[in-house]
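Read through the structure below, which is laid out as structure tokens, and then see the notes.
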2 protein chains.
Amino acid sequence: MSPRPRKEQRHPDLQSAIKDAAWQQIGRYGASALSLRAIAREVNITAPSIYNYFPNRDALVTALIIDAYTSFGDSQLAARDSLPADQLAARLKAIGAAYRQWALAYPQRYQLIFGTPIPGYEAPFMEVLPYAARALSALVSVIDQLRLQGRLKAENYPSVQPGDEQQFEVWKSFAGDYDVFSLAVSLLVWSRVHGLVSLEISNNLPPFGIHGDALYLYELESITAQFIKE
Amino acid sequence: MSPRPRKEQRHPDLQSAIKDAAWQQIGRYGASALSLRAIAREVNITAPSIYNYFPNRDALVTALIIDAYTSFGDSQLAARDSLPADQLAARLKAIGAAYRQWALAYPQRYQLIFGTPIPGYEAPFMEVLPYAARALSALVSVIDQLRLQGRLKAENYPSVQPGDEQQFEVWKSFAGDYDVFSLAVSLLVWSRVHGLVSLEISNNLPPFGIHGDALYLYELESITAQFIKE
DNA sequence: ACAATAATCATACAGCGTTTGTTTTTGTTT
DNA sequence: AAACAAAAACAAACGCTGTATGATTATTGT
């Protein structure tokens with residue numbers, strides 16, 4: 001029966017305030033501890049009020065994931081553009097380094113994107129696709145440049161089967177007009193950095209005297225040595 | 001106030017029955033939907049009764065993880081031993097293939113081990129170590145054999161820093177007496193197959209015409225080409 | 001035979017996401 | 001200016017969760 005608060009004493013942008021509180025909680029207690037009621041307490045509203053800004057918990061999580069992808073994509077694109085466009089190998093390594101740096105700086109965001117920390121949540125593919133595509137486009141653009149210059153070394157790479165062209169068209173409309181083969185190679189490169197980083201983030205890399213820094217650098221060198229000519 | 005049931009009408013092995021029901025639930029509704037109360041309903045006991053067999057929910061999850069690691073380790077060791085001991089490259093590929101096959105056959109178990117699907121749960125490292133070490137030992141044993149035969153190609157591999165010898169000793173007591181350098185190389189190999197498989201399992205590999213089978217085979221070939229001489 | 005132990009249950013608590021119905025402010029239309 | 005519709009907040013409740021407590025009873029050991 002409480003009255004609706006005056007406009008002045010309300011939060012100016014509750015939608016953002018809710019997301020901020022969510023990130024704060026995720027950073028403090030982990031993504032799995034995310035709770036609408038706790039967020040509401042933080043923002044000084046009641047839990048059902050959140051439903052005025054997000055239809056349900058999953059929609060809030062999706063919004064968080066999109067924000068995380070945007071932050072991640074910013075980092076990837078900035079790393080690529082921090083080096084001249086003609087130094088493709090250096091750009092590739094910079095993107096790889098930025099990948100791990102961002103993941104170590106925001107491990108909770110990384111797990112929110114690539115792990116499954118929210119019980120029962122499944123990311124809506126088509127909704128997230130634009131932001132995921134943009135984030136991956138930094139890598140794909142470099143690979144595609146290498147391909148155009150004839151410096152991409154992937155002779156026996158598995159052939160791309162036709163069949164999902166229209167989904168790829170959607171992808172291109174967000175990531176840029178790159179060849180599908182470059183995307184295919186990028187997926188493997190991505191899986192390598194993702195493999196190492198995800199193991200490191202989730203503490204599944206036993207610290208038996210091997211440091212993540214050196215191992216990751218070695219893997220980046222392996223990638224460039226395998227996929228770049230000369 | 002209900003009496004304790006007669007011995008005959010009780011489940012002969014409630015500890016196993018609870019775990020079986022848990023696996024059944026994980027297989028049906030996913031690991032994140034695991035619920036002590038639902039398990040209790042399945043086994044026809046009350047939820048607090050589970051506490052007679054597991055001190056809390058996390059202990060049950062740990063027991064499930066250990067079972068999953070055992071199943072995974074069985075698969076890895078069987079794959080290795082399915083080929084003669086002198087065909088090391090073939091053994092390596094068989095282990096890699098078994099890795100993905102097991103993951104695709106039991107995606108929920110895979111995510112239970114390597115993901116973080118249970119809210120608030122953190123695996124007790126020292127408790128799980130023996131079973132994780134055994135599972136990884138199949139790969140490490142082959143890598144170490146290659147090293148002993150001088151066929152391991154990893155010249156510029158990052159050096160192993162001393163400092164965690166005692167933890168490594170514990171590891172060896174469960175996995176076998178292999179060189180720490182072989183373990184270090186195995187970690188990178190593992191991260192590669194893990195990267196691809198985890199992306200595939202979590203549906204983060206967009207099906208843009210690239211089939212998991214072919215891509216995975218290509219990656220296995222890349223691994224053998226990079227790390228095995230001649 | 002009797003005491004101790006172990007296993008089970010009912011009950012309860014606090015927390016969760018979500019639904020429903022109500023109240024009040026806000027913005028628009030007449 | 002008055003009337004009205006929409007939006008935004010609230011309280012209360014539902015069914016779910018993991019877990020603690022205390023009572024009760026079947027089994028086991030002496």
Side-chain angles (χ1 to χ4, degrees), chain A residues 1-19 21-22 25-26 28-64 112 116-124, chain B residues 1-19 21-22 25-26 28-64 112 116-124:
Chain A
M1 323 293 190
S2 288
R4 180 186 191 175
R6 289 286 159 78
K7 194 179 186 181
E8 309 98 41
Q9 46 187 292
R10 260 189 300 157
H11 218 124
D13 184 1
L14 261 185
Q15 174 126 8
S16 299
I18 289 168
K19 288 202 291 187
Q25 275 200 16
I26 287 176
R28 276 197 206 150
Y29 313 110
S32 65
L34 197 138
S35 146
L36 292 188
R37 296 180 109 110
I39 292 169
R41 280 192 292 271
E42 184 75 26
V43 194
N44 280 322
I45 58 176
T46 59
S49 290
I50 296 182
Y51 286 72
N52 289 321
Y53 302 93
F54 300 94
N56 50 35
R57 189 201 54 165
D58 286 8
L60 170 59
V61 174
T62 299
L64 295 176
L112 192 63
T116 53
I118 309 286
Y121 174 82
E122 196 116 4
Chain B
M1 323 290 193
S2 287
R4 179 186 194 178
R6 289 287 160 78
K7 194 179 187 180
E8 308 99 41
Q9 48 188 289
R10 259 190 299 159
H11 221 275
D13 185 0
L14 262 185
Q15 175 126 6
S16 298
I18 289 168
K19 289 202 292 186
Q25 275 200 16
I26 288 176
R28 276 195 206 152
Y29 313 110
S32 64
L34 197 141
S35 147
L36 292 188
R37 297 180 107 109
I39 292 170
R41 280 192 291 272
E42 184 75 28
V43 194
N44 280 322
I45 58 176
T46 60
S49 288
I50 296 182
Y51 286 73
N52 289 320
Y53 302 93
F54 300 95
N56 50 34
R57 189 201 54 166
D58 285 9
L60 169 59
V61 173
T62 299
L64 295 177
L112 192 63
T116 53
I118 308 285
Y121 174 81
E122 196 116 4

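Numbered from 1 within each chain, the chains take letters A, B, ... in sequence-line order. Just so it is clear, the values below take in all heavy atoms, side chains as well, and ignore hydrogens, waters and symmetry mates.
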For residues A/Leu60 and A/Lys19, report the shortest heavy-atom separation together with the two atoms involved.
-> CD1-CG, 4.1 Å
With B/Thr62, which residues qualify under side chain to side chain donor-acceptor pair (under 3.5 Å), at least two apart?
-> B/Tyr121
So which nucleotide from C/dC9, D/dA9, C/dC16 ends up closest to the side chain of A/Arg37?
-> C/dC16
Please give the nucleotide sitting opposite D/dA6 as a Watson-Crick or G-U wobble pair, both distances under 3.5 Å, or none.
-> C/dT25
Take the protein atom CG of B/Leu34 and the nucleotide atom P of D/dT19, then report the distance between them rounded to whole Å.
-> 11 Å
Across the strands shown, which category fits A/Ser35 at heavy-atom distances under 4.0 angstrom: base, sugar-phosphate, nothing?
-> sugar-phosphate
Given DNA chain C, 5'-ward residue of the pair B/Asn52 and A/Arg41, judged by closest heavy atom = B/Asn52
Length of the CG-C1' vector between B/Leu14 and D/dA26, whole Å | 15 Å
With a 4.5 Å limit on heavy-atom distance, are the side chains of A/Leu112 and A/Ile118 in contact?
-> yes
Starting from P on D/dG18, measure out to CD on B/Gln25 and report it in whole angstrom.
-> 9 Å
Within this structure, what is the OH-to-C1' distance between A/Tyr29 and C/dG15, rounded to whole angstrom?
-> 15 Å
Rounded distance in Å - CG (A/Asn56) to C1' (C/dC16) | 15 Å
Round to the nearest Å and state the distance from A/Ile118 atom CD1 to D/dT17 atom P.
-> 19 Å
Which value, rounded to the nearest 0.5 Å, describes the distance between A/Ile39 atom CD1 and A/Ile18 atom CD1?
-> 7.5 Å
Can you check whether B/Thr46 has a side-chain N or O nearer than 4.0 Å to OP1 or OP2 of C/dT8?
-> no
Expressed in angstrom and rounded to an integer, what is the separation of B/Ile50 atom CD1 from D/dT17 atom C1'?
-> 12 Å
Short question: side chain of B/Thr116, backbone of A/Pro117 - any donor-acceptor pair under 3.5 Å?
-> no
Roughly how many Å is it from OH in B/Tyr51 to C1' in C/dC9, rounded to a whole number?
-> 15 Å
By nearest-nucleotide position on DNA chain D, the 5'-leaning member of A/Asn44 and B/Arg57 is A/Asn44
Please tell me which of A/Ile45 and B/Pro48 maps to the more 5' nucleotide of DNA chain D, matching each residue to the nucleotide holding its nearest heavy atom.
-> A/Ile45
Quick one: which of C/dG17, D/dG18, C/dT8 gets closest to the side chain of B/Ser49?
-> C/dT8
Between A/Ala38 and A/Pro55, who's closer to the 5' end of DNA chain C by nearest nucleotide?
-> A/Ala38
